[in-house]
Every structure is written in structure tokens, then in C-alpha cells.
Chemist: 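Following this message is one structure expressed as C-alpha cells.
In each ligand, atom 1 is the first atom listed, and ligand 1 is the first ligand listed. Atoms considered below: every heavy atom in the structure, side chains included; atoms not considered: hydrogens, waters and symmetry mates. Every value quoted in this text rests on a predicted model; they were computed, and no experiment measured them.
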Amino acid sequence: MIIVLDGPAGSGKSSTAKELANRLNIQFLDSGALYRALTYFWISSGKPNIRSFIKLLPEVDISSEYKNKQFYVTLNGEDITDTIRTQQVAENVSEIAAEPQIRAFVNNYMRNLVLDDVYIADGRDLGTAVFPDADLKFFMTASIEERAKRRLKEMKLSDPSITLEDVEENIRQRDLKDQSRASDPLKKAEDAIEIDTTGKTFDEQISEMITIIENRTKLN
Ligand code: DC
């Protein structure tokens with residue numbers, strides 16, 4: 001069984017999906033972290049051109065695990081959980097994620113992973129392209145100011161010099177790229193339930209979603 005939660009950068013998808021996973025005692029899958037992992041791999045391979053990079057994909061061994069409220073990512077044996085949250089990765093990830101062969105690689109990893117357990121996954125195109133038959137689909141939104149404030153907190157941990165303006169600009173650029181790319185753009189699935197989190201407390205939004213999940217799936 002799979003519940004998906006799509007939405008733009010900083011809309012609160014990851015923290016919401018994690019909290020729902022904890023409360024419902026199911027697995028959490030962070031698809032953005034997988035695109036970030038491949039972006040880190042591209043940077044650490046010396047930023048090759050995209051054609052050459054795609055040829056390196058068979059060398060990539062990614063694994064992920066949700067434990068202790070953290071989504072861990074390992075790339076070729078290296079724990080890159082923290083490294084994938086840096087500004088350098090954030091600045092390049094939309095470009096890497098726009099490549100159809102990279103999307104196919106990540107989608108394949110995710111589809112295999114969810115075969116064995118009950119998952120809630122967050123991303124951009126999960127309800128439209130990756131899991132069109134998901135058991136339940138949410139689409140989260142929030143104002144750009146609110147999203148930037150949330151992201152700033154997260155990014156300050158790895159880069160104390162980052163400002164709110166930097167983060168707002170990065171989010172604006174990423175929204176534009178994520179929504180306008182040719183391959184599986186960020187888009188609300190027709191059958192997704194929209195949750196606007198602007199001005200809502202975290203607890204309010206979680207309660208709203210738990211009620212929906214309980215009413216529409218076999219989980220409770
Ligand atoms: O959720 P995030 O900010 O960690 O995602 C990082 C990037 O990955 C984001 O800019 C767009 C891309 N992404 C995507 O294209 N498709 C997904 N399903 C998830 C993320």
C-alpha cells in the first residue's frame with residue numbers, strides 16, 4: 001500500500017509525511033532525497049556533462065532507510081544523509097532531476113522498494129507519474145514566504161551563513177524549474193486532496209490528514 005504526498009519545495013511534505021509515518025507506524029520514503037543523492041554523486045564525480053553522467057548510473061548503489069525519525073541515504077557505501085542537505089546540492093538538484101533517465105532510475109528504485117511494505121512517500125510527481133494508482137494522494141501547498149522560513153531552519157544546520165533571501169530565491173527558481181520541466185513536472189494529480197498549510201499549525205494539519213487517511217484507507 002502506498003500513500004503519496006506531493007507539493008513544492010518547503011511546503012512541509014517531508015515533516016508531515018514523517019509524522020504520519022510515525023503515527024500510523026508505516027515506512028517513510030523521501031523521493032527528493034534520492035534526487036539529491038544523485039546530485040551529490042554528480043558533484044563528487046566532477047560535474048561531468050549529463051550524457052557522460054548517465055553512463056555512470058550503473059555504478060550507483062543507493063540504499064535508504066527510515067529510522068529514529070530520520071531518512072538515511074547511503075551511496076556506494078557512504079552515508080550521505082547530511083551532505084545532501086547543503087546549498088550546493090540544492091542549487092543543482094532541479095537540473096539533475098529534469099533528466100528523464102535519472103527520473104527513470106529513481107522511479108525504478110522507489111517502485112521496487114514499496115512492494116514489500118506500507119509506505120508514505122513525498123515528492124513532486126508521485127501521484128501523477130510514479131504511483132498513479134496510489135491508495136491515497138495528497139497535494140500540499142503553502143505561501144512562498146512560509147516555505148522559505150521553514151527551509152531556512154533546515155539549511156542553517158549545514159550552512160550558518162545562509163539568509164532568508166537566498167532561500168526564497170532558491171525556492172522560486174526550483175518551483176519554476178520543477179513546474180516547467182518537460183519530464184514529469186510538479187503538478188497536482190486530479191484525484192489528489194489539496195492541503196494548504198499556510199497559517200495552520202502542524203498539529204492541525206496532521207489531524208486533518210489522519211482523519212482523511214482513516215476514512216479512505218484501511219489504516220488507523
Ligand atoms: O523535496 P526536496 O526539496 O528534497 O527535493 C529535491 C529536488 O528533487 C526538487 O528540487 C525537485 C526534485 N524532485 C523531483 O523532481 N521529483 C520528486 N518526486 C522529488 C523531488
Chemist: Quiz question: by atom type and distance under 3.5 Å, do the side chains of T16 and Q205 form a donor-acceptor pair?
Modeler: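 Per modelled atom types, T16 and Q205 side chains form a pair under 3.5 Å.
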Chemist: Could you give the side-chain donor-acceptor pairs of residues 125-132 under 3.5 Å, partners two or more places apart or in another chain?
Modeler:
| residue | atom | partner | partner atom | Å |
| --- | --- | --- | --- | --- |
| D125 | OD1 | R103 | NH2 | 3.3 |
| D125 | OD2 | R103 | NH2 | 2.9 |
| T128 | OG1 | D125 | O | 3.2 |

Chemist: Going by an N to O cut-off under 4.0 Å, is there a salt bridge joining E168 and R172?
Modeler: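 Yes, charged N to carboxylate O under 4.0 Å.
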Chemist: Considering only heavy atoms, which protein residues lie less than 4.0 Å from any atom of ligand 1?
Modeler: S31, G32, Y35, R36, R85, V93, S94, A97, R103, G123, R124, D125, L126, R151, R174, D178, R181
Chemist: With a 3.5 Å cut-off and no angle check, do the side chains of Y40 and E78 form a donor-acceptor pair?
Modeler: yes
Chemist: Which residues pass the salt bridge (charged side-chain N to carboxylate O under 4.0 Å, His left out) test with R174, sequence neighbours left out?
Modeler: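 Once residues adjacent in sequence are excluded, R174 has no partner under the salt bridge (charged side-chain N to carboxylate O under 4.0 Å, His left out) criterion.
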Chemist: Can you name the salt bridge (charged side-chain N to carboxylate O under 4.0 Å, His left out) partners of E208, sequence neighbours left out?
Modeler: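 Here the qualifying residues are K200.
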